[in-house]
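Written out below as structure tokens is the structure these notes cover.
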Amino acid sequence: MTVTNTSTASNSRFRYGNPSVECHGAELHKQCRQLATVLTITGAIDEINVGSVIEQAKGCIIAEKPFILDLSGVTSFAAQGITLLDAIDEACYAAGDEWSLIVSQPVSRTMRLCGVDEAFPTTPSVPEALHHFSDVAGERRRILPILTKSA
């Protein structure tokens, strides 16, 4: 497994504080936002890099913080990539996290061919997923004072 940090001074896609990680043809970029952690993956996910992608992705899951897996920039998604989705689903469940998946056409096609197109919580875009998590957090804040009042 070779994971390289692509945040060099000559890299024009450098993002301050959040360097990208390259995993054999897939590039991962993590952003910790107030509402959720967003992991954006671009490039190809195949049998060669799926293990290292899973390892990196699971490291981005923070207990009790929603997680968004943005695969909208994935150009090739092998059937082995379904193990990534399973691993994220299990890790989020173990951490008590809600999560959302944004898919590209190749990811959608592979999910459909593998019969798991309805198995994971998909959302059309990152802004829509963040909006959903904002609504959920607002509802929790609204209910919390009711739950803490004593009779």
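All heavy atoms count here, side chains included; hydrogens, waters and symmetry mates do not.
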Using the side chain to side chain contact (heavy atoms under 4.5 Å, CB included) rule, take Ile82 and Met111 through it: C-alpha gap first, then chi angles, then the decisive distance, then the call.
CA-CA 7 Å; Ile82 300 298; Met111 289 174 64; 4.0 Å; yes
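- If you take NE2 on His29 and OG1 on Thr40, they are separated by 6.5 Å, rounding to the nearest 0.5 Å.
- Shown here for Val103 and Val107, the closest heavy-atom pair between the two residues is CG1-CG1, 3.6 Å.
- Here Phe67 contributes atom CZ and Lys30 contributes atom NZ; the two are 9.0 Å apart, rounded to the nearest 0.5 Å.
- In this structure, the separation between CG on Asn49 and CD on Glu27 is 12.5 Å, given to the nearest 0.5 Å.
- Within the 4.5 Å cutoff, side-chain heavy atoms of Leu28 are placed close to those of Cys23.
- No donor-acceptor pair closer than 3.5 Å links the side chain of Thr42 to the backbone N or O of Val74.
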Hey, mind stepping through Thr37 and Ile61 against side chain to side chain contact (heavy atoms under 4.5 Å, CB included) and telling me if it holds?
CA-CA 7 Å; Thr37 300; Ile61 296 170; over 6 Å; no
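- Note on Val116 and Val50: same hydrophobic cluster, where clusters join Ile, Leu, Val, Met, Phe, Trp and Tyr whose side-chain heavy atoms are under 4.5 Å apart, directly or indirectly.
- You'll find the side chain of Phe77 stays beyond 4.5 Å of the side chain of Ser104, heavy atoms only.
- A pairwise comparison of heavy atoms in Ala26 and Val53 identifies CB-CG2, 4.1 Å as the closest pair.
- In this structure a side-chain-to-backbone donor-acceptor pair under 3.5 Å is missing from Asp46 to Ser76.
- The shortest side-chain heavy-atom distance between Glu98 and Ser100 does not fall under the 4.5 Å cut-off.
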Candidate pair Gln31 and Asp70, rule side chain to side chain contact (heavy atoms under 4.5 Å, CB included), full reasoning
CA-CA 11 Å; Gln31 288 183 311; Asp70 180 6; over 6 Å; no
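- In this structure, the side chains of Phe120 and Asp86 come closer than 4.5 Å at one or more pairs of heavy atoms.
- Across all their heavy atoms, Lys65 and Ala36 have their closest contact at CE-C, 3.7 Å.
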Show the numbers, then the answer: is there a side chain to side chain contact (heavy atoms under 4.5 Å, CB included) between Leu71 and Leu85?
CA-CA 11 Å; Leu71 302 181; Leu85 305 180; 4.0 Å; yes
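- The CD atom of Glu64 sits 7.5 Å away from atom CG of Asp97, with the distance rounded to the nearest 0.5 Å.
- Thr122 pairs with exactly one of Leu69, Ile102, Leu101 by the side-chain contact (heavy atoms from CB on, under 4.5 Å) rule, that one being Leu101.
- Grouping the Ile, Leu, Val, Met, Phe, Trp and Tyr side chains by contacts below 4.5 angstrom, directly or via other members, places Ile68 apart from Tyr93.
- Across all non-hydrogen atoms, the minimal contact from Leu84 to Ile54 is CA-CG1, 3.7 Å.
- Arg33 and Leu130 make their closest contact through NH1-CD1, 2.9 Å (heavy atoms, listed as atom of the first residue, atom of the second, distance).
- For the pair His132 and Thr123, the minimum side-chain heavy-atom distance is 4.5 Å or more.
- Considering CD of Glu90 and NZ of Lys58, their distance stands at 7.5 Å, rounded to 0.5 Å.
- Contact detail for Ala79 and Thr110: the closest heavy-atom pair is CA-CG2, 3.8 Å.
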